[in-house]
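Below, chain A is the first sequence line, B the second, and so on; all start at residue 1.
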Amino acid sequence: MSYPLYIARKEILLKLESTLLKSGYKGDIKLEIPPIGLGDFAIPCFSFTSKVKKSPNEIANDIVKKFEKSKWVKKTVVKGAYVNFFLDNDIFKNSFFKSIFEKKENYGYLERKKEKVIVEHTSANPNGPLHVGRARNPIIGDTIVRIFKTAGYNVESQFYLDDMGKQVAILAWGVNNLDSKKIPKPNYNKPDHKTVGYYQVGSKLLKEDEEISKQIGIIVKKSEEGDKKTIDLVHKAYAPVLEGINDSLKRINITIDNYIPESNFLKNNSTNNVVEKLKKSKYCGVEEGAYYLDMKPFGIKGRNTNFFFLRKDGTTLYATRDIAYHLWKADHADILINVLGEDHKLESKQVEIALKLIKAKKIPKVIFYSFVSLPGGKMSTRHARVVYIDELIDECINLAYNEVKKRRGKELSEKKMKEIAEIVGIGALRYNIIKVQPEKDMEFKWEEALNFEGNASPFIQYSHARACSILSKKQDEIRDIDATLLTHVSEENLIKNLAKFPIIIEEACEGCKPHSIPAYLFEVASQFNKFYRDCPVLPEKNIDIRKARLSLVNATRIVLKNGLNILGIVAPVEM
RNA sequence: GGGCCUGUAGCCUAGACUGGAUAGGGCGAUAGCCUCCUAAGCUAUAGAUCGCGGGUUCGAAUCCCGCCAGGUCCGCCA
């Protein structure tokens, strides 16, 4: 890897190891990045005290004395129990710009890797439009896809299509039996919105009328038996919903590579294979003709720890098909990642245990997210107590439009303002959702979803637009710059931030932590705005300094653009 | 009844997995900055018993135990 921070880090680690060996200190070397101003890298010396009778401070001083010289390290400073390493700024700056000139628009991207990754996300029941309650799923999923792509992996996104459940059966019954005049008028002229009414009315009738309940039951039963006609009927019912979901996803820059219908695994008999294997497990039990795995030995607790995978009538269950799906995925990829709502925690754990029992090649890593609720409670498609994602998208774009008009109404054309509003509105939406850790509970509030200031996407997009604006006015060629001319503290801090980009991507990828990307970009944009304040670029008289600064602006532009791209957000050249 | 997740200023949030330097940010509030590359910006001030109580440790927001609050799950549902 040619990124300077990697080289510097590796070099320091190597030299530290030999220093410790020579001095007889034992313990883990924890190279960390210290608080601003204290240095570029640091190690705490607490852990080295175990074998020797010295204070951490004495050890730190000793390490500094014995530390071999390196061209990367300008000075080492002991503060308390820490050894702080200061990089040689000139060497660091020059090698940073070398890596930028080398990688150009691909700066930040990591080496290509051989492994294939399948990210399963969204997988919503196709019975109605996506609502905000589950909006985190596609956004987290897609961001993970983009993180892994940037980290060099070959990635495929999959939507596991639940085409056999009660939800779609209700929808299918509604579409085929209800009078369209009795379906409430949708607010949106989209196929999913036009169809969801059949589901809502259908599920209401299901509770009131036993005959209807019976008919829906038959649809479910026949699907599970693999009846082609029924599966086809259901398919025709949910197809428009799926089309609508797909359109909504596209609006927020998300594409699904493959939709995998659950019924596939019934059709190709792989569920039978799963059932046969599970039956052989010593944890398998039978209760009134139905088969289950006893989950107690695996630490599953609760009222009932039996995990059923085959009904007494011989049909399979959702989880059985899910196991078959995962076996299939394991054959097609090296790394499996699932993004699921927290309600799937137990089922996912059970599937994982079953997969291990039948010796699956790969076990998925699962990212769970908490639901977004409304101030009064949770959202529900059935009760039409929802904010649909389409409403949220429109609101965000509307608000963005008002803002652009307020600020630039006199200068920009209507078309331009609409373009910017779209980019800004959607950016704000994705950013607001992804900036929070998935497992944190979220309550949906319009004021917050539509927040455009501070730690929000428009702030970062604005910084990018500022950078582009400078570059669009430049007269100089930016080649062969002298990076050592960038000596202002704002310049140096900005360079250090930009240099971290590849490491941030690597860590976000390894830890599956999508929210660390927005945090980083906010830092970069913030630092760029300070540089913008302190170091005028175009008015600068000294041509060499001007060129070096232009280079820095361009580097920032690339990092912001690539970083926003990881979040599925467009970086506008103008705002 | 039990499992899992969450609890950090008025509000939102980072840090927790891998214990370590004065707990970072943002919104809102208050006070400033556009004859100078886009003020969606910048600067300053105020605001924190890190849910509560114990324990381990030289050192705990972070690890362990107990409690409280919210979410979620414990179907031959999906």
No-H, no-angle donor-acceptor pair, A:N84 side chain to B:A21 base, under 3.5 Å: yes
Among B:C74, B:U6, B:C37, the nucleotide that comes nearest once only the side chain of A:L346 is considered: B:C74
A:E439 side-chain proximity, nearest of B:C76, B:U6, B:G41: B:U6
Do any side-chain atoms of residues 514-522 of chain A form donor-acceptor pairs under 3.5 angstrom with protein atoms, and if so which ones, sequence neighbours left out?
| residue | atom | partner | partner atom | Å |
| --- | --- | --- | --- | --- |
| A:S516 | OG | A:K513 | O | 2.9 |
| A:Y520 | OH | A:N497 | O | 2.6 |
| A:Y520 | OH | A:F501 | N | 3.4 |

Nearest listed nucleotide, side chain of A:F522, among B:A21, B:A78, B:G26: B:G26
Closest listed nucleotide, where the reference is the side chain of A:D343 and the choices are B:C74, B:C73, B:G15: B:C73
Closest to the A:E448 side chain, choosing from B:G3, B:C42, B:C11: B:C11
Chi-based syn or anti call at B:C64, which uses purine or pyrimidine torsion atoms and a 90° bound: anti
Candidates B:C73, B:C17, B:A21 - which lies nearest the side chain of A:L38: B:A21
Side chains of A:V553 and A:F528 in contact at under 4.5 Å (non-hydrogen atoms): yes
Sugar-phosphate, base or nothing in reach of A:E523, heavy atoms under 4.0 Å: nothing
Side chain of A:D162 - closest among B:G1, B:A21, B:A78: B:A78
Sugar-phosphate, base or nothing in reach of A:L310, heavy atoms under 4.0 Å: nothing
Each stem that RNA chain B is part of, given as range with range (3 or more consecutive Watson-Crick or G-U pairs, under 3.5 Å): B:1-7 with B:68-74, B:10-13 with B:24-27, B:29-33 with B:41-45, B:51-55 with B:63-67
Selected nucleotide, minimal atom distance to A:Y318 side chain, candidates B:A14, B:A78, B:A40: B:A78
Side-chain N or O of A:K30 closer than 4.0 Å to phosphate OP1/OP2 of B:G19: no
Touch class at under 4.0 angstrom, heavy-atom based, for A:P56 against every strand present: nothing
Closest to the A:H515 side chain, choosing from B:G15, B:A78, B:C76: B:G15
Nucleotides 56-71 of chain B: protein proximity per nucleotide (B base, S sugar-phosphate only, - neither; heavy atom, under 4.0 Å): --------------BB
Phosphate OP1/OP2 of B:G3: any A:K349 side-chain N/O under 4.0 Å: no
Distance test, side-chain N/O of A:R407 to OP1/OP2 of B:A40, below 4.0 Å: yes
Selected nucleotide, minimal atom distance to A:R533 side chain, candidates B:C77, B:C74, B:U43: B:U43
